[in-house]
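Heads up, the thing below is written out as C-alpha cells.
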Amino acid sequence: MSGIMDMVHLDTGLVDCAAYSPEVYVEELDRVFGRTWIFVGHVAQVPRPGDFVTGWIGETPVALVHGGDGAIRGFVNRCATSQRPFLAYDAGHLDRLTCPAHRRGYDTLGRRLGSEPADDAACLTPVPRLSVYGGLVFGSLAGSGETLEEHLGEARWYLDNYVLREDIGGLQLLPGVQRYRMPGNWKLLAENFAGDDYHVAITHASVLSLRAQQVEPRIINSPGRQATDPIFSVATGYRHGVPHGLLEVRVGDDFYNHDLMRAQTISPRAVDWVNTRKDAVDRRLAHLPAKPYSFHVGNLFPTFSIIGNGTSLEAVGLLVWHPRGPNETAVTQLGFVDAGAPLELQEQMAFALSHQQAAAGVFAPDDHENFERLAKSVQTAVARTVPFNYEMGLADEGRDVRPPEWQDPAWPGLVLPRFTELIQRDFYRYWMTLMTTGAGNGA
Amino acid sequence: MVRDPQLMLEVAELLFREAELLDDGSFHEWLEGVADDIRYVMPATEVLPPSKEPQVLKRREQQRWGEIDVQEERLRFWLYDEDHNSLTMRIRRLDTGMAYAELPESITSRMVTNVRAWEEPEEGLIRVTSKILVHQVRHEDHEDFFVGRRWDKYRRVDGQLRLLWRYVELGHPVLPRTISILF
Ligand SMILES: [Fe+2]
C-alpha cells in the first residue's frame, strides 16, 4: 500500500492519524490479520472430543473444535455451501456440526457427513495453520510463513517463566469468558498494553490513591512506593523480528516479600505456594546472575495481551483485541489461576483480576474513557494535521539499561527504562513492514 | 396471585428508591441499605447450548440464589464479585475525583420492573426477582442501554430491609461498553 511510509516516522517517533483511517483499516485486515498469528483460545476451553469454542481472526469468524480423533482443529465458522456460520454458540459440546441454513452436517473433523468420498469442497474450511504453545492456541490465515515459535521469538522466555509455569502445574481456566466493546482503533489498545506504562499513574490515579490508603489491599497487590527495586520495560523482536512488549518487569525481592506478607494473611498453604513459584523460577534460571521476579502486563503483536502476572496474588488475564472497524474494537478476555495453588489463594487471584481488569473492574473503564474520547477526535481535520507523538526515550533508542554484572549471561530481550515509547515505535515499525511488503491475505 | 400484597408494595418502594439513589449518585446512602455481609455478583453472559437436564437447571437456580455448596464452583472470572469492603472501595474511588470512567458522572436512568417478592420464613429472608433497564449517557452522544435480571435476598434489620445477596445476569453476550455503574 502506498502512503504508509509517510505515516510512520521512526526517526522522530511520529505516527500520522491516517494510520487509523478507514482506508488503512481495510488493508490491514489482509496484511496484518491475514498473515500473523492470532490468539484464538486455550486448550482448556475444549477439553473433550466434541467440545468447541468460537472466536475470530480479524473479522473472520472461526471455531476451535476438539475432534473425535483427539486433535484440536480450527475452522472458518462458515458452512462450505451456505456461507452461514455453522456454530451459533460461544462454546459447547456437539457430536456433529450442523449448518442451520439447510441442515448440512459435518463431523467433528470437519468432514461432510454422507458424502463419499469426502472431497475438500464438501468439508469445512480449515484455518490454514493452527499452532499451540503451552496450551495457548493461535491461528493464522496464511498457509505459510514463520512458525508460531518464530513469531513469539524471545517473548517465549517470558511466557515460559512468568505466565505458563508448566513445571509447577500451569494455568487453570476460570469459568466466565468476558466479551465487550471498546472504542478505538485496535492498534491503540494493543500498544497501550505493549508499551505504555506511563499512563498508569495518571489514568488509573484513583485506584493508586486508594492503594496508598490501603482501602482494599486484596485488589492492588504491589508494595507501591515502598518498593525500591528497579522496574523495567522490555522489547523483544526489536528491529529484527515481531515486536512484543512486556511492562513492569521487576528485578529484586520487594514484590516477592510483599507477596509473602500478603500470603501470610491468607493461609500457610498460600505462603508455601508463593515460595513454590519463586523456587521454580530460581531453579530454572539458576544460571543467570540476575533475573526478573515477574512482569505485570504485555502485548504480543498484534493483539494478544497479558495482564495480572506481576504477583503471586493475582490471576492471569489474557485479552484479544479484535478489530471491528477503524474506530472500534471487540475484546475477549479469559482468566486463569495457578492450577497448583490452594483454593483460598486461587480465590484471591480471581478476586484481584476481576476487580482490576474485568469489564466492570476499576481499571478497564478508565481506559475506556481515554479511548472513547480518542476515537471521537482521531479523524477530525485538526487531528489529521497533528500526528501521534511517540518520542519518549528517543535519545536512548536501542540502548539496553542493564548493568554489566547482569549481562553474563543476560536474559532475553532489550531491557529499557520503565517509561519509554521505544516499544510503540517498534510496534509501528513492524506494522509498516507488514503493510508495505508482500501480498495481503483476506481476513 | 400475589402472595403478600403488603410485601410487594414495600419491596417495590425499596427498589424504586434504590434506583433513585443510584441515578442521583447518592452512593453512600445506597450503601447504607446494604447488609455488612452482602454478596453482590455479576457473571459474564455466555451463549451456550440450552440444557433441559434437571440437574443443570437446578445448578443454575442455585447459582442465581447464591446457594452453590461447592466452594470450587464459586471460583469464576466475575464481572462483579463484591462484598461490603470492595463496594465501599468502588464508591470511595468515585470520591477521589480521579475516576475518569465517571468523569463527568454518567447520566443514568434505571427502570425496574417485573418485580416479584416473597418471604422465606424459615430463613428469615425476603426473596425478590426483578428486571432492570439502565440507560447510560457518558458524555455528548455516547449512550448505551444495559438490560438484566436480578435475584435478590433481603434481611429485615430493625424493621428495614437490607440487601444481603444480589445476582445480576445481564442480557449482553458482548457488553456494549465496559461497566462503571451499579445495577
Ligand atoms: Fe490502562
Side-chain angles (χ1 to χ4, degrees), chain A residues 54 88-94 172-183 202-210 213 215-216 218-219 315 317 330-337 343-344 346-347 349-351 353-355 358-370 372-373 376, chain B residues 40-51 63 70-104 106 138-142 144 146 168 170 172-183:
Chain A
T54 56
Y89 295 101
D90 295 344
H93 178 90
L94 290 168
Q172 175 182 325
L173 176 68
L174 290 168
V177 176
Q178 302 191 7
R179 301 185 196 217
Y180 53 97
R181 288 285 186 146
M182 191 92 144
I202 300 125
T203 299
H204 308 295
S206 64
V207 190
L208 302 185
S209 84
L210 293 180
Q213 302 166 46
V215 171
E216 180 46 279
R218 292 173 295 178
I219 293 176
V331 188
T332 300
Q333 191 177 357
L334 309 173
F336 297 84
V337 292
L343 183 60
E344 61 274 18
Q346 290 178 331
E347 285 176 338
M349 293 175 133
F351 185 90
L353 181 70
S354 289
H355 280 84
V362 293
F363 279 81
D366 285 339
D367 289 314
H368 188 120
E369 182 71 13
N370 275 348
E372 192 161 76
R373 289 177 179 276
K376 193 92 178 174
Chain B
Y40 177 113
V41 299
M42 180 193 285
T45 301
E46 294 175 79
V47 181
L48 306 176
S51 174
Q63 189 167 38
V70 182
Q71 205 180 359
E72 280 81 357
E73 285 185 38
R74 289 200 288 263
L75 195 62
R76 266 192 101 75
F77 185 23
W78 297 98
L79 286 165
Y80 274 115
D81 176 17
E82 309 306 311
D83 56 21
H84 199 278
N85 201 59
S86 68
L87 281 173
T88 305
M89 178 280 297
R90 286 177 180 274
I91 289 165
R92 282 188 58 181
R93 183 175 107 79
L94 299 176
D95 293 338
T96 63
M98 296 181 290
Y100 299 107
E102 282 297 319
L103 286 175
S106 293
R138 278 296 305 121
H139 40 78
E140 296 184 310
D141 55 356
H142 295 284
D144 287 287
F146 287 98
V168 187
L170 291 183
H172 308 272
V174 179
L175 294 166
R177 59 179 300 120
T178 58
I179 294 174
S180 55
I181 55 174
L182 291 165
F183 290 87

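This structure is a prediction, so every number in the text was calculated from the model and none was measured. Numbers restart at 1 for each chain; the letters A, B, ... are given by sequence-line order, proteins then strands.
- Looking at B:Leu103, only its backbone comes within 4.5 Å of chain A, counting heavy atoms on both sides.
- Judged purely by atom type and a 3.5 angstrom limit, A:Ser354 uses its side chain to pair as donor or acceptor with the backbone of B:Trp78.
- In this structure, chain B has a heavy atom under 4.5 Å from the side chain of A:Leu210, while its backbone stays farther away.
- In this structure, no portion of A:Glu344 lies under 4.5 Å from any heavy atom of chain B.
- Of the two parts of A:Ile219, only the side chain, counted from C-beta on, holds a non-hydrogen atom closer than 4.5 Å to a non-hydrogen atom of chain B.
- Between B:Arg92 and A:Glu216 there is no salt bridge, since no side-chain N of the basic residue sits under 4.0 Å from a carboxylate O of the acidic one.
- Taking chain A as the reference chain and counting heavy-atom pairs below 4.5 Å, the highest number among B:Ala99, B:Ser180, B:Pro49 is found for B:Pro49.
- Of all heavy-atom pairs spanning A:Ala205 and B:Met98, the tightest one is CB-SD, 3.6 Å.
- Contact record, A:Arg179 with B:Pro173: CB-O, 3.5 Å, taken as the closest heavy-atom pair.
- Residue A:Met182 comes nearest to B:Thr178 through the heavy atom pair SD-CG2, 3.9 Å, listed as atom of the first residue, atom of the second, then distance.
- Residues B:Asp141 and A:Lys376 have side chains in contact (heavy-atom distance under 4.5 Å, counting atoms from C-beta outward).
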(request) Take A:His368 and B:Arg138 through the side chain to side chain contact (heavy atoms under 4.5 Å, CB included) test and state the conclusion after the steps. (result) CA-CA 11 Å; A:His368 188 120; B:Arg138 278 296 305 121; over 6 Å; no
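- The two residues A:Gly176 and B:Ala44 come nearest to each other via the heavy atoms C-CB, 4.4 Å.
- A search for side-chain hydrogen bond (donor to acceptor under 3.5 Å, both in side chains) contacts involving B:Asp83 returns A:Arg218, B:Ser86, not counting sequence neighbours.
- Between B:Val47 and A:Ala88, the closest heavy-atom pair is CG1-O, 4.4 Å.
- The side-chain heavy atoms of B:Leu75 and A:Leu343, taken from C-beta on, include a pair separated by under 4.5 Å.
- Residue B:His172 does not touch chain A at all, counting heavy-atom pairs closer than 4.5 Å.
- In terms of heavy-atom pairs under 4.5 angstrom with chain B, the leader among A:Ala91, A:Ser206, A:Ala315 is A:Ser206.
- The minimum heavy-atom distance linking A:Ala360 with B:Leu79 is given by the pair CB-O, 3.5 Å.
- Here CZ of B:Phe77 is found 10.5 Å from CG of A:Leu173. Values are rounded to the nearest 0.5 Å.
- Heavy-atom pairs under 4.5 Å with chain B peak, among A:Ala359, A:Ala358, A:Gly361, A:Ser209, at A:Ala359.
- Residue with the most contacts toward chain A among B:Glu73, B:Met89, B:Arg177: B:Arg177 (heavy-atom pairs, distance under 4.5 Å).
- In this structure, B:Pro50 and A:Tyr89 have side chains that are in contact, with non-hydrogen atoms separated by less than 4.5 Å.
- Looking at B:Glu72 and A:Gln346, their side chains never bring a donor and an acceptor atom within 3.5 Å of each other.
- With rounding to the nearest 0.5 angstrom, the CG atom of B:Asp81 is 11.0 Å from the CG atom of A:Leu353.
- For a residue to count as touching a neighbouring chain, one of its non-hydrogen atoms must lie under 4.5 Å from one of that chain's; by this rule A:Gln213 touches chain B with the side chain only.
- The line from CD of B:Glu102 to CG of A:Asp366 is 9.5 Å long, rounded to the nearest 0.5 Å.
- Looking at residues two or more places apart in sequence or on another chain, you find no ring-ring contact (aromatic ring centres under 6.0 Å, His included) involving B:His84.
- Contact check for A:Arg181 versus B:Pro176: no side-chain heavy atoms found under the 4.5 Å cut-off.
- Side chains of B:Glu82 and A:His355 form a contact here, defined as non-hydrogen atoms less than 4.5 Å apart.
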